> 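Input: one structure, supplied below.
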Amino acid sequence: MYNFTFHRPTTVRQAAGLLARNPEGKLLAGGHSLLPVMKQRLAQPSALVDLSQVEGMTGVELKGRSVVIGAMTRHADVAKSDVLKEVLPGLASVPGSIGDPQVRNRGTIGGSIANNDPNADYPAACLGLGATIITNKRRIAADDFFTGMFSTALEDGEIIVKVSFPIAKKAAYEKFKHPASGFALVGVFVSKRGPDIRVAVTGAGSNGVFRVKSFEEALKKRFSPKSIEGMTIPASGMNSDIHATPEYRAHLVGVLAKRALAKATA
Amino acid sequence: MAKVSMTVNGKAVTGDVEPRTLLVQFLRENLRLTGTHVGCDTSQCGACVVHIDGIAAKSCTTLAVQCEGQSITTIEGLASPDGKLHPMQEAFRENHGLQCGYCTPGMIMAALDIVRRNGNSLDEHTIREQLDGNICRCTGYHNIVKAIEAGARAMAK
Amino acid sequence: MTANGIGAPVRRKEDFRFITGQGQYTDDVVRPGETRAVFVRSPHAHAKIKKIDVAAAKKMPGVVDVLTGAQLATDKVGNLICGWMIHSKDGSPMKMAPHPALAASTVNHVGDAVAVVIAETTAQGKDAAEKVVVDYEVLPAVVDPAKAQAKGAPQIHADVPNNTIYQWHLGDQKAVEAAFKAAKHVTKLDIVNNRLVPNAMEPRAALADYDAGNDSLTLWNTSQNPHVARLVISAFVGIAPEHKLRVIAPDVGGGFGSKIFIYPEEVVCLWAARKVKRPVKWTSERSEAFLTDAHGRDHITRAELALDSNGKILALRAKTIANLGAYMSTFSSSVPTYLYATLLSGQYDIPQIYCEVDAVYTNTVPVDAYRGAGRPEATFVVERLVEVAARQLGLDPTDLRKRNFIKNFPHQTPVIMAYDAGDYNASLKKAIELADVKNFGKRKRESARHGKLRGIGYSTYIEACGIAPSQAVGSLGAGVGLWESAEVRVNPTGSVEVLTGTHAHGQGHETTFAQLVSERLGIPFESVSIVHGDTDKVQFGMGTYGSRSGAVGMSAIVKALDKIEAKAKKVAGFMMEASENDIEFKDGKFTVKGTDKSVGFGDVALNAYIAHKFTGAELEPGLKETSFYDPTNFTFPAGCHICEVEIDQETGKTEIANWVAVDDFGTVINPMIVEGQVHGGIAQGVGQALLEGAVYDANGQLVTGSLMDYTMPRAHDLPSFHVGLTETKSPSNPLGIKGCGEAGAIAAPAAVINAITDALGTEDIAMPATANAVWQAMQKHPPKAA
């Protein structure tokens with residue numbers, strides 16, 4: 001790891017100020033994406049601004065017809081939230097599939113979303129539920145937030161404060177784990193909230209998380225695995241590596257979508 | 001350099017460290033608590049698992065300065081001061097849950113976290129799923145699973 | 001059997017320090033004034049080093065020195081060597097290219113070290129290592145062993161044409177050809193035995209300390225065989241004479257073969273420690289381990305089996321290309337030859353066998369022994385051939401095996417080995433019962449109802465352990481003898497230390513060896529300490545690998561204990577004024593035959609040291625004996641593993657639904673430890689079959705260079721195992737032990753693949769059979785509806 005200066009602000013405003021003064025600095029949330037990259041010397045931030053002492057950035061709250069999760073809420077805490085399990089169990093199951101127990105004990109939703117790893121789980125949930133990412137500056141719809149591999153709509157100095165998920169009546173996540181890393185080789189999040197039907201896929205696409213419009217169209221008639229029976233997505237644009245061919249990833253998208261639909265409608 | 005102070009195995013400790021110092025380095029090199037091991041560099045093997053404020057974490061993916069004011073428990077802090085082993089330590093010995101011993105401290109610390117989260121009555125499936133963050137190359141996990149199941153039960157007594 | 005004696009599942013002595021965090025692994029050892037070594041490694045698979053500029057690195061904070069391969073050459077530090085000579089079929093010796101600890105002129109694999117930074121801390125060392133400027137001229141690389149010998153393939157070493165190290169063979173080629181011509185049926189298979197990364201959980205480490213006053217060096221090292229390390233580093237590398245070099249292998253966190261070998265890093269630490277006159281420590285990181293620890297397996301084989309109309313095997317033929325990587329590692333030449341082809345008879349009476357092996361250099365990490373070493377590759381060839389032959393002939397796979405099992409012992413195979421004892425039918429029968437094979441059909445239908453495919457696979461494996469009779473291995477090219485030593489020191493108070501030349505890195509020798517001593521001397525288990533892993537304490541030893549520590553190491557202890565008993569009887573005779581010939585020793589007591597006169601072992605020990613009951617002319621005081629035991633034959637552990645798999649047709653994911661292992665290890669000292677060894681071996685074998693595989697791209701970059709891409713078996717990848725034992729004692733050592741450390745890793749891959757191919761109905765699947773691979777196989781060969 002290269003050296004850096006370390007800062008522990010207690011307010012979002014202080015954190016933003018520190019970022020402004022350290023243009024090469026980075027925010028440190030749970031650290032479970034950033035620190036491994038820094039250990040490999042693939043990132044060289046001049047400063048780390050640790051958000052762990054900033055007040056008001058943790059917790060899972062029911063707000064009207066949404067669930068609002070503080071950006072610094074750890075995966076384990078989201079997974080065990082009773083509120084969430086009751087109103088949106090499909091989302092509650094997502095953090096429980098991330099990494100491993102120790103990673104879930106440290107990693108945060110804000111960190112995961114800001115990093116937008118193409119194989120991460122939360123981006124699928126955000127896009128699959130039509131979440132709103134709330135920063136210190138504005139509110140960004142998930143559809144506009146994830147702009148490609150490791151890239152988001154966040155601007156310099158912008159800090160995710162919370163994420164708001166609309167409560168969908170039906171929602172579920174299915175994931176096929178990468179055998180070595182535990183990331184999503186493919187993960188599919190499906191939801192139905194009134195007329196808004198979403199199928200979001202992580203892990204498979206070479207440009208990060210994406211929606212499967214053809215599946216969404218087909219599901220408009222009936223939100224059921226049967227509606228997409230026999231449907232596939234093209235292998236072009238799928239990731240290719242030693243663990244999965246593009247064809248296999250495309251195939252898994254269909255399989256997992258059906259399984260997620262079965263779970264969501266069970 | 002940065003000043004850091006925390007409680008480790010019940011004792012207050014302080015150190016002057018570079019901010020880039022990992023918690024595991026601080027424990028091993030500054031405090032000479034070498035029971036916590038490093039088995040990989042991608043946060044996967046779990047040999048470095050310790051408890052931070054009672055919750056299992058990978059000390060290879062945590063900066064020492066992030067632990068300012070927190071309470072750390074390592075494998076060295078598990079047995080009672082009179083030397084009596086923790087039931088989970090005892091269960092690993094009784095069930096031959098270790099061979100080379102290198103992953104063992106992390107396994108035991110992770111096992112305690114499984115009990116914290118899932119209670120004292122654990123089935124095999126739960127244990128195997130919850131051991132996702134700990135790799136053992138020697139045992140094939142068979143006896144580790146048995147040890148954790150037995151250790152969890154013994155902790156309820 | 002006593003509570004702590006032979007056969008008892010005694011809880012391990014060594015565990016207390018490990019479960020309390022008090023183990024002492026190499027990286028835990030700290031010497032005053034210690035520095036850290038950080039290696040500068042080649043990012044290229046093959047390149048000329050045009051220039052190395054260390055000036056900027058030397059100026060970095062905390063840097064003590066920066067050393068290069070050129071300086072290593074100037075200091076006349078010798079090359080690393082391979083210690084087993086193999087001759088090609090034309091009689092020419094193998095072509096061993098120079099392997100300097102730091103490359104000076106060319107680099108031959110990604111990770112090849114070109115310089116080392118010695119710094120106050122690792123972080124400072126890394127900062128400085130980035131400032132070392134190496135000017136490379138990149139050369140074309142060859143990675144695939146199948147392409148290494150091709151015309152026009154990049155030449156890796158100057159004096160090794162076609163990158164071919166040797167072209168070796170074993171067996172009677174003409175007789176085999178005749179047998180194949182006469183055969184009613186021939187089964188052919190193309191097999192890739194996938195390349196593996198050992199990944200012991202403790203990364204390798206070395207700490208070298210130079211004592212200028214005595215001009216001597218001490219090396220703490222993650223080694224399975226510290227004496228061999230000292231011998232090679234002294235005699236060939238020439239860092240220090242043997243008596244000026246102490247090697248200590250303290251607690252070692254797993255080895256699986258990868259810590260047998262002498263590596264560049266330990267040599268460089270020793271050399272550097274003398275240069276900078278401070279201790280130098282290097283601890284590998286996992287990603288560094290992927291690029292520097294010797295890998296395992298990596299064979300490409302064409303195998304054929306000839307059978308008559310009754311399913312009787314007539315002959316076996318195999319042609320193998322073995323990838324040895326960029327340099328010849330310490331024992332690499334022996335693995336695809338005498339540890340491989342000699343086991344191609346399996347458990348079967350095969351009249352004729354012929355095997356050809358070409359060993360090749362490629363621009364990859366060196367390949368050497370990994371758990372099983374040659375024997376898993378042989379077992380995979382034999383057990384896949386037999387299973388496929390049975391399917392092709394419409395025979396039950398167990399039936400074909402039974403028709404061909406060796407039933408009479410001793411049995412001379414056509415490939416050197418003389419099997420001395422075994423009962424292959426017994427382990428197969430017991431395994432079939434434990435696996436409830438008769439209800440497999442019912443389970444298969446049940447799986448089908450859930451849209452899953454179920455398959456069952458057998459592996460009736462054999463291995464040669466108890467490595468090894470020195471004269472025999474000498475005649476096959478080994479540069480060393482493979483006996484073992486033991487020294488039994490009885491203290492005046494009656495406690496005992498046993499110094500052994502074997503080394504434990506997970507095997508539990510401190511417990512099993514103490515069980516032997518406790519039972520034999522009738523003293524408490526707690527009064528026995530086992531000492532190993534320090535060349536200053538143990539006089540010499542060959543270390544631990546090849547499942548040899550029980551069969552060879554414990555036999556040496558038995559021999560030393562025989563001498564202890566003989567001497568103690570003399571002492572007891574003087575104490576009780578009786579002839580030593582009239583003294584009987586049982587349960588820790590020396591009794592004068594036919595009387596009730598007796599003395600305890602402790603009393604005898606004390607008297608041996610105070611020497612009041614005899615004069616120096618009558619008897620030497622003291623009670624300490626040494627033995628060097630050279631085995632008379634290999635041992636032949638064997639058994640049957642049955643694997644049942646369930647495959648998700650939609651995703652291709654394979655679950656191990658059940659595993660039964662019935663092994664014949666001869667005498668079992670501690671069944672708890674033996675079962676643990678079996679579990680671990682199976683896990684590594686399942687890992688090879690389902691999950692693990694080192695993959696290089698065409699440029700020689702290791703694609704699976706970390707645990708993010710190289711799949712290690714985790715708890716949820718495996719089931720609990722059902723383990724049983726049968727027993728025929730080895731007649732070749734005093735305890736009847738055969739060895740248990742590698743069996744699981746040898747047996748498992750074939751059992752898994754036989755089960756998967758049974759489920760899929762196609763033989764067209766390579767290891768590792770990942771979900772992706774199984775799905776691809778199902779696309780090519782759609783499985784029939786069950």
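Per chain, numbering begins at 1; letters A, B, ... match sequence-line order. Being a predicted model, the structure only gives us computed values, none of them experimental.
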> Check Gly140(B) against Phe721(C) and note the closest heavy-atom contact, atom names and distance.
O-CE1, 3.8 Å
> Heavy atoms only: give me the nearest His716(C)-Glu129(B) pair and the separation to one decimal.
CB-OE2, 3.5 Å
> What closest approach, in Å, do Arg32(B) and Asp28(C) show between heavy atoms, and which atom pair accounts for it?
NH2-O, 2.8 Å
> Just so I understand: if I count every heavy-atom pair under 4.5 Å between each of His86(B), Arg128(B), Gln130(B), Met88(B) and chain C, which residue has the most?
Arg128(B)
> So which of Ala289(C), Gly21(C), Gly254(C), Gly506(C) has the largest heavy-atom pair count under 4.5 angstrom toward chain B?
Gly506(C)
> Between Gln677(C) and chain B, with a heavy-atom cut-off of 4.5 Å, which part of the residue counts as in contact: side chain, backbone, both or neither?
both
> Given a strict heavy-atom distance threshold of 4.5 Å, which part of Gln22(C) is in contact with chain B: side chain, backbone, both, or neither?
neither
> So which atom in Arg137(B) and which in Pro713(C) form the shortest heavy-atom distance, rounded to 0.1 Å?
NH1-CD, 3.5 Å
> Among Ile673(C), Val252(C), Ile682(C), which has the most heavy-atom pairs under 4.5 Å with chain B?
Ile673(C)
> With a 4.5 angstrom heavy-atom cut-off, could you sort out which part of Ser706(C) is near chain B: side chain, backbone, both or neither?
side chain
> Determine the option with the most heavy-atom pairs under 4.5 angstrom with chain C, choosing from Leu131(B), Ile108(B), Ile135(B).
Ile135(B)
> Which of the residues Glu285(C), Glu288(C), Met708(C), His505(C) is involved in the greatest number of heavy-atom pairs with chain B at under 4.5 angstrom?
Met708(C)
> At a 4.5 Å cut-off on heavy atoms, which part of Gln25(B) comes close to chain C: side chain, backbone, both, or neither?
neither
> For Ile144(B), is it the side chain, the backbone, both, or neither that has a heavy atom closer than 4.5 Å to a heavy atom of chain C?
neither
> As an exercise: rank Gln89(B), Glu18(B), Glu124(B) by heavy-atom pairs under 4.5 Å with chain C and give me the winner.
Gln89(B)
> Among Pro203(C), Gly253(C), Ser720(C), Gly255(C), who wins on heavy-atom pairs under 4.5 Å with chain B?
Ser720(C)
> For Asp15(C), is there any backbone N or O sitting under 3.5 Å from a side-chain donor or acceptor partner on Arg93(B)?
no
> Just give me the residue among Ile127(B), Thr21(B), Leu98(B), Thr42(B) that pairs up with chain C most often, heavy atom to heavy atom, under 4.5 Å.
Leu98(B)
> Do Ile75(B) and Thr20(C) make a side-chain contact, defined as non-hydrogen atoms from C-beta onward lying under 4.5 Å apart?
no
> Going by heavy atoms in the side chains, are Tyr141(B) and Asp717(C) under 4.5 Å from each other?
no
> Non-hydrogen atoms of chain C under 4.5 Å away: do they reach the side chain of Thr104(B), the backbone, both or neither?
side chain
> Against chain B, label Ala123(C) side chain, backbone, both or neither, depending on which of its atoms sit under 4.5 Å from a heavy atom there.
both
> Which heavy-atom pair separates Gln24(C) from Thr34(B) by the least distance, and what is that distance?
NE2-OG1, 4.1 Å
> Which one of Leu718(C), Asp251(C), Thr122(C), Val686(C) has the most heavy-atom pairs closer than 4.5 Å to chain B?
Leu718(C)
> In terms of heavy-atom pairs under 4.5 Å, which option from Gly101(B), Gly35(B), Ser43(B) contacts chain C the most?
Gly101(B)
> Pick one of side chain, backbone, both or neither for Asp27(C), based on which atoms fall under 4.5 Å of a heavy atom in chain B.
both
> At their closest point, which heavy atom of His96(B) faces which heavy atom of Arg12(C), and how far apart are they?
CE1-CD, 3.7 Å
> Would you check if the side chain of Arg286(C) reaches a backbone N or O of Asp41(B) as a donor-acceptor pair within less than 3.5 Å?
no
> Any non-hydrogen side-chain atom of Gln99(B) less than 4.5 Å from a side-chain atom of Met201(C)?
no
> Below 4.5 Å from any heavy atom of chain B, which atoms of Met672(C) appear? Answer side chain, backbone, both or neither.
both
> Tell me whether the rings of Tyr25(C) and His37(B) are parallel (<30°), tilted (30 to 60°) or perpendicular (>60°).
perpendicular
> Is the shortest side-chain heavy-atom distance between Cys138(B) and Phe256(C) below 4.5 Å?
yes
> Using heavy-atom distances under 4.5 Å, tell me whether Leu78(B) contacts chain C through its side chain, its backbone, both, or neither.
neither
> For chain C, which of Asn143(B), Val145(B), Asp132(B) has the most heavy-atom pairs under 4.5 Å?
Asp132(B)
